[in-house]
Every structure is written in C-alpha cells, then in structure tokens.
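Here the structure is a predicted model, which is why all the values come from computation and not from measurement.
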Amino acid sequence: MAGGSVSECREYLFKVLVIGELGVGKTSIIKRYVHQLFSQHYRATIGVDFALKVINWDSSTLVRLQLWDIAGQERFGNMTRVYYKEAVGAFVVFDVTRESTFEAVSKWKHDLDSKVKLQNGSPIPAVLLANKCDQKNDGTSHSASLMELFCKENGFLGWFETSAKVRYLGYKEL
C-alpha cells in the first residue's frame, strides 16, 4: 500500500449481567445507559432481555457491551445457569426504598458465584448498584462505610448509588 498505513481496529464483546429482585429498576438502568431514555412505566421482564451498548473506547478500540437484563423472579429458576453462561461481569441491583431488595442481594450474589466463573475459575467481577437514590429517605439510607464493608465481605468490587430517572451515578449527575 503506497503512501499509507492501515490502522487496525480492535473489537471486544463483553457479556454483562444485570440481576436483582423484581422492580428494582434493572430495565430502567439499562434503557437509560443504552438509549438515554427513562419511563415510569415498564412491564416486568419475562425471562431475559438484551441490550447492546457500543463504546468507542479510543481511536482503535471498539467495545460492545451485551447487557443481559435477567428477570427478578428468575433467581431460583433453572434457566439462570443458561443466562449466566459466558458472562464476564455483573451488576447486582437493589432498590434503596425497599430494604427487602437489599436483603436479597447476597442470595443473588451467591447464585451468580455458584453458576458462572471466569476461565481461570474465579468468580466474575460484580458491582452492587443502590438504585432509586433520587427517592431515598433517611429510613432507608445505607452508609458508605457499611456498604464498603458489605461489598468486601460479599465479594463485590464496589458499589454505586444510581438513579435512572435523574441520570445519577455515584455522587455526580451524568
């Protein structure tokens, strides 16, 4: 090729699970992240749904995130093993306004760890999302230090407060 060079583009595809109890906002988080859309009205996910987020990481790297929205009632179903297969990461979501959804987080994490591993045999990386932080009140607050301890004890990489409604992640609006 005279006078030029071909820059090679690297492409990666990563399967990421989004799991948690029914109604915690998994679908809302995905729709906001992928399509910049929010609706107050979603129907419950039946089984599994998918979304694809394409990220131009840099001038020569394309990352495709395949987000698997697993129905909240699926934890004890036989299908989760199939849904989880080949995932390389997960978000476990709970609703800060419903303490029972936080109590279920460790069950979801245990289910995840028992059904999918990385190629080296270790658990897939998981991040905890405290969703609907725009609605939280003093009675349902989770302190940062307690959440960090919970994550360490339960094998999460870390945690973030989120809100699909107001495009909020952590302590800054997106």
Hey, is the main chain of Asp58 close enough, under 3.5 Å, to the side chain of Asn56 for a donor-acceptor pair?
no
CG (Leu17) and OH (Tyr84) are apart, to the nearest 0.5 Å, by 6.5 Å
If hydrophobic clusters are built from ILVMFWY residues whose side chains come within less than 4.5 Å, do Leu149 and Val105 share one?
no
Can you tell me how far the CH2 atom of Trp68 sits from the CD1 atom of Ile30, to the nearest 0.5 Å?
12.0 Å
Tell me yes or no: between the side chains of Asp95 and Thr101, is some donor less than 3.5 Å from an acceptor?
no
Linking I/L/V/M/F/W/Y whenever their side-chain heavy atoms sit closer than 4.5 Å, directly or via other members, would Val82 and Leu112 fall into one cluster?
yes
Could you grab the distance from atom CD of Glu103 to atom CD of Glu99, nearest 0.5 Å is fine?
5.0 Å
Hydrophobic clusters here meaning ILVMFWY residues chained together by side-chain heavy-atom distances under 4.5 Å, can you tell me if Phe50 and Tyr83 are in one?
yes
Does any non-hydrogen side-chain atom of Arg64 lie less than 4.5 Å from one of Leu62?
yes
Check against salt bridge (charged side-chain N to carboxylate O under 4.0 Å, His left out), Asp111 and Lys107:
CA-CA 6 Å; Asp111 185 60; Lys107 294 174 188 165; over 6 Å; no
So, taking the atom named CD in Glu153 and the one named OG in Ser106, what distance separates them when rounded to the nearest 0.5 Å?
11.0 Å
Sub-4.5 Å side-chain heavy-atom contact between Val127 and Phe156
no
Using only atom types and a distance under 3.5 Å, with no angle test, would you say the side chain of Arg98 pairs donor to acceptor with the backbone of Gly23?
yes
Quick one: does Gln66's side chain get under 4.5 Å of Leu13's, heavy atoms only?
yes
Within the 4.5 Å heavy-atom criterion, are Phe102 and Met147 side-chain neighbours or not?
yes
Evaluate Cys133 against Ser163 for side-chain contact (heavy atoms from CB on, under 4.5 Å), listing each step before the verdict.
CA-CA 6 Å; Cys133 67; Ser163 170; 3.9 Å; yes
Spell out, as yes or no, whether a donor-acceptor pair under 3.5 Å connects the side chain of Lys53 to the backbone of Val63.
no
Please report the interatomic distance CG(Asp69) to NZ(Lys26), rounded to the nearest 0.5 Å.
6.5 Å
Would you call Ile29 and Thr27 a side-chain contact if the rule is heavy atoms closer than 4.5 Å?
no
Roughly how far apart are Glu21 CD and Trp108 CH2, rounded to 0.5 Å?
6.0 Å
Examine the side chains of Thr162 and Asn131 and answer whether a donor and an acceptor come within less than 3.5 Å of each other.
yes
Min side-chain heavy-atom separation Phe160-Leu128 under 4.5 Å
no
Does either side chain, that of Lys117 or that of Ser122, offer a donor lying less than 3.5 Å from an acceptor on the other one?
no
Give me the atom names and distance for the closest heavy-atom approach of Ile124 to Ala87.
CG2-O, 3.4 Å
Counting C-beta onward and ignoring hydrogens, is there a side-chain heavy-atom pair between Val34 and Leu67 closer than 4.5 Å?
yes
Is there side-chain contact between Trp159 and Leu129, with heavy atoms separated by less than 4.5 Å?
no
Passing candidate, side-chain hydrogen bond (donor to acceptor under 3.5 Å, both in side chains) with Asp113, options Lys115, His110, Lys109:
Lys109
